[in-house]
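Below is one structure; the comments refer to it alone.
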Amino acid sequence: MKVKYIILLFYLFFSSCGSFTELRKVNYEFENINYTIKVPKGYEWFEYSTIEENMVQLMYSDSSCIYLGSPDMTPNKTNIKSVNDSIYSLRFQNSFLAEDVNKSLGFKLITIRPDTLDIAGQDSVGLLWRDVIIRDICVGYKNVKKSNKLLFDNAINSLR
C-alpha cells in the first residue's frame with residue numbers, strides 16, 4: 001500500500017516539474033525585427049504597449065515571468081534601482097542625448113551604455129531576476145526560484 005503512494009507521489013512530483021522542462025519556441029516581432037526565444041511551456045501571454053514602446057510578458061503559475069520588448073518598459077525597474085544609482089542611470093540612459101552632450105562638450109563626460117548590458121540579482125524575498133539589453137531590445141526574467149535559474153538563463157540566452 002505504501003509503495004503505491006510513493007509511486008503516486010513521484011509521478012505527481014515529476015509531472016508537475018515537466019511543464020518547466022519542456023520548451024517552446026516563441027516568435028516576437030519588435031521594431032520590424034522578428035525575434036525567436038525558447039521558453040518553458042505553461043505560460044500565459046500578456047502584451048503591453050504605449051505609443052512608442054511595446055513589451056510582452058510570459059507569466060507562469062508560480063509568478064515567474066519572462067519578458068521582452070522596449071528597454072524602458074522592463075518589469076525589473078525596482079530591482080535594477082536596488083542595485084545602485086549608477087547602474088540604474090546607465091541602464092535607463094538616453095544614449096542619443098548622452099552622445100550629444102559628450103560631442104558638444106568636446107570630451108567624454110558621460111559613459112555611454114554598451115550595446116549589451118546584463119544585470120542580475122536577487123529580490124527582497126530571495127527570488128532571482130535578470131535584465132539584458134541587446135542593442136534596442138530588452139529581455140529578462142523575474143520572480144524565478146533558484147532551482148529554475150539555469151532553465152530561465154538558457155531561455156534568455158536563446159534569444160535570436
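Nothing here was measured: the structure is a model prediction, and the numbers come from that model.
A distance of 5.0 Å separates CD of E99 from CD1 of I112, quoted to the nearest 0.5 Å. Between atom CD of residue E31 and atom CD1 of residue I137 there is a gap of 8.0 Å, rounded to the nearest 0.5 Å. For the atom pair CD of E22 and CZ of R24, the computed distance is 11.5 Å after rounding to the nearest 0.5 Å. Expressed to the nearest 0.5 Å, how far CD1 of I37 lies from CG of N154 amounts to 11.0 Å. Note that SG of C65 and CE of M59 are 5.0 Å apart. Values are rounded to the nearest 0.5 Å. Y43 OH to S61 OG: the interatomic distance, rounded to the nearest 0.5 Å, is 14.0 Å.
Two residues are said to be in side-chain contact when any heavy atoms from C-beta on lie closer than 4.5 Å; T116 and I133 fail this criterion. Under the 4.5 Å side-chain criterion, counting only non-hydrogen atoms from C-beta, Y60 is in contact with I66. In this structure, S70 and T50 have side chains that are not in contact, with every pair of non-hydrogen atoms separated by 4.5 Å or more. You'll find the side chain of I134 stays beyond 4.5 Å of the side chain of D115, heavy atoms only. Contact of the V26 side chain with the W45 side chain is registered, since non-hydrogen atoms from C-beta on lie closer than 4.5 Å.
Note on residues 128-147: pairs passing side chain to side chain donor-acceptor pair (under 3.5 Å), not counting sequence neighbours, are Y67-D131, T74-D131, R91-D131, D118-R130, R130-D153, R130-N157, Y141-D153. Judged as a ring pair (Phe, Tyr, Trp, His ring centres under 6.0 Å), the pairs with a partner in residues 75-101 (not counting sequence neighbours) are, in order, Y88-F92.
Shown here for Q93 and T111, the closest heavy-atom pair between the two residues is NE2-O, 2.7 Å. In this structure, N79 and S82 approach most closely via the heavy-atom pair O-OG, 2.6 Å. Scanning both residues, Y48 and M73, for their nearest heavy atoms gives CB-CE, 3.8 Å. The heavy-atom pair separating K41 from L23 by the smallest distance is CE-O, 3.7 Å. A pairwise comparison of heavy atoms in P71 and C138 identifies CA-CB, 3.6 Å as the closest pair.
Taking a 6.0 Å sphere around CD of E47, one finds it holds more than 12 heavy atoms contributed by other residues, nucleotides or ligands.
Linking ILVMFWY side-chain heavy atoms closer than 4.5 Å, directly or via other members, places V139 and L150 in two distinct hydrophobic clusters. At a threshold of 4.5 Å between side-chain heavy atoms, the hydrophobic network of Ile, Leu, Val, Met, Phe, Trp and Tyr places L128 and V132 in one connected group. V144 and L127 fall into different hydrophobic clusters, defined by Ile, Leu, Val, Met, Phe, Trp and Tyr side-chain heavy atoms under 4.5 Å apart, directly or through other members. F152 is connected to Y28 through a chain of hydrophobic side-chain contacts under 4.5 Å among Ile, Leu, Val, Met, Phe, Trp and Tyr, so both are in one cluster.
N94 places a side-chain N or O within 3.5 Å of a backbone atom of L97 that can act as its donor or acceptor partner. The backbone N or O of S49 sits nowhere less than 3.5 Å from a side-chain atom of N54 that would complete a donor-acceptor pair. With hydrogens and angles disregarded, no donor-acceptor distance shorter than 3.5 Å links the side chain of E29 to the backbone of I33.
Not counting sequence neighbours, the partners of N27 by the side-chain contact (heavy atoms from CB on, under 4.5 Å) test are N34, T36.
Taking the six-membered ring where tryptophan is involved, the planes of Y35 and F30 are tilted, since the angle between them lies from 30° to 60°.
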